[in-house]
Amino acid sequence: MATTDVLVVEDSPALSMLLRRVLENAGLSMLEAVDGMQAHNVLQRAEAPVCIITEINMPRMDGIDFIRVLREDPRFCNIPIIVLTGENDDHRVEKARAAGATHVIYKPFDIDVLFDVIEGVVRDVYGGQALRSAC
C-alpha cells in the first residue's frame, strides 16, 4: 500500500474538492474526512500520512480537539498539522497552536503558499527531505 501524502479534514465539499485537485496535480495522494471524529477513524484504518490539513470549526469533533487527540497518540504525534481556517477569533487560533498545530494558514489563501507550507513542514519533520522523497 502506498503512503498517503496528505489527510484533509474539511467540512466544505467545495474546498475539499479544490484541495484534492491541487494536491493530485502536485503528484500527491489525499485522504479526506469531514470532521475530526471521521479523520481519527480514517487514521485507524490507513497508513499514516506525511501531513494533515485541518479546519478548526467542524461538527462532532472540531480541529482543536482533533489535534489534541493526535498529539497524544504516539503513532501520529509527529505528523505535521496545518490548520487552514477562516476563523477570525485569535483565541481559537492560539488554542489550535497550543494543541500542537504546526502551522496556520488563513482563508482565503494562495495555493502556492499552501503548497510551500506543506513542503516546508514536511521537510522539517523528515530531516530535510523533499516532500515527494519523504513519501
Side-chain angles (χ1 to χ4, degrees):
M1 178 153 118
T3 299
T4 297
D5 296 308
V6 181
L7 168 62
V8 173
V9 189
E10 173 62 57
D11 60 344
S12 163
L15 183 53
S16 190
M17 186 170 55
L18 170 68
L19 290 170
R20 177 174 293 285
R21 242 183 298 146
V22 167
L23 293 168
E24 287 178 351
N25 284 342
L28 304 172
S29 64
M30 180 180 125
L31 282 175
E32 59 189 298
V34 297
D35 60 34
M37 188 175 293
Q38 184 183 33
H40 188 260
N41 291 336
V42 165
L43 286 171
Q44 301 309 309
R45 299 184 313 267
E47 197 169 318
V50 297
C51 181
I52 295 171
I53 299 172
T54 187
E55 169 61 87
I56 291 177
N57 295 318
M58 296 178 291
R60 297 189 315 161
M61 180 189 289
D62 70 11
I64 296 168
D65 288 337
F66 174 60
I67 294 168
R68 283 188 188 120
V69 167
L70 289 185
R71 292 304 184 223
E72 293 172 0
D73 189 325
R75 298 169 296 166
F76 309 120
C77 64
N78 292 318
I79 297 173
I81 301 173
I82 299 168
V83 172
L84 185 60
T85 188
E87 182 69 51
N88 60 4
D89 179 351
D90 289 338
H91 178 70
R92 299 239 329 134
V93 171
E94 285 309 312
K95 284 177 78 172
R97 290 180 199 270
T102 309
H103 196 86
V104 176
I105 297 176
Y106 293 91
K107 297 175 188 171
F109 60 93
D110 181 284
I111 295 295
D112 292 328
V113 170
L114 174 63
F115 192 75
D116 288 346
V117 169
I118 292 170
E119 200 153 57
V121 297
V122 170
R123 253 195 216 115
D124 289 347
V125 170
Y126 294 97
Q129 296 175 342
L131 180 60
R132 287 170 196 84
S133 65
C135 301

Between atom [atom1] of [X] and atom [atom2] of [Y], what is the distance when rounded to the nearest 0.5 Å?
X: Asn41; Y: Asp35; atom1: CG; atom2: CG; value: 9.0 Å
X: Phe109; Y: Leu19; atom1: CZ; atom2: CG; value: 5.0 Å
X: Leu31; Y: Asp5; atom1: CG; atom2: CG; value: 10.0 Å
X: Glu32; Y: Glu10; atom1: CD; atom2: CD; value: 10.0 Å
X: Ile64; Y: Asn57; atom1: CD1; atom2: CG; value: 7.5 Å
X: Ile56; Y: Leu84; atom1: CD1; atom2: CG; value: 10.0 Å

Measure across [X] and [Y] and return the closest heavy-atom pair with its distance rounded to 0.1 Å.
X: Val9; Y: Ala39; answer: CG2-CB, 3.5 Å
X: Val83; Y: Ala101; answer: CG2-CB, 3.6 Å
X: Phe66; Y: His40; answer: CE1-N, 3.9 Å
X: Thr102; Y: Pro80; answer: OG1-CA, 3.4 Å
X: Asp73; Y: Arg75; answer: OD2-NH2, 2.6 Å
X: Cys51; Y: Ile82; answer: SG-CD1, 3.7 Å

Might you work through the side-chain contact (heavy atoms from CB on, under 4.5 Å) test for Val93 and Tyr106, ending with a clear yes or no?
-> CA-CA 10 Å; Val93 171; Tyr106 293 91; 3.3 Å; yes
State whether the side chain of Arg60 and the backbone N or O of Met37 hold a donor-acceptor pair below 3.5 Å, judged by distance alone.
-> no
Can you hop from Ile111 to Met30 via hydrophobic side chains spaced under 4.5 Å?
-> yes
Hey, quick one: are Leu114 and Leu18 part of the same hydrophobic cluster, counting side-chain heavy atoms closer than 4.5 Å, chains of contacts allowed?
-> yes
Worked verdict on Val104 versus Arg97 for side-chain contact (heavy atoms from CB on, under 4.5 Å) = CA-CA 8 Å; Val104 176; Arg97 290 180 199 270; 3.8 Å; yes
Do [X] and [Y] come within less than 4.5 Å of each other through their side chains, counting heavy atoms only?
X: Val34; Y: Pro59; result: no
X: Phe115; Y: Asn25; result: no
X: Ile53; Y: Ile118; result: yes
X: Ile105; Y: Val117; result: yes
X: Leu43; Y: Leu7; result: yes

Carefully, step by step, assess Leu70 and Ile81 under the rule side-chain contact (heavy atoms from CB on, under 4.5 Å).
-> CA-CA 9 Å; Leu70 289 185; Ile81 301 173; 3.8 Å; yes
Looking at residues at least two apart in the chain, or sitting in another chain, which of them share a side chain to side chain donor-acceptor pair (under 3.5 Å) with Glu72?
-> none
What salt bridge (charged side-chain N to carboxylate O under 4.0 Å, His left out) pairs are there with at least one residue in residues 48-57, not counting sequence neighbours?
-> Glu55-Lys107
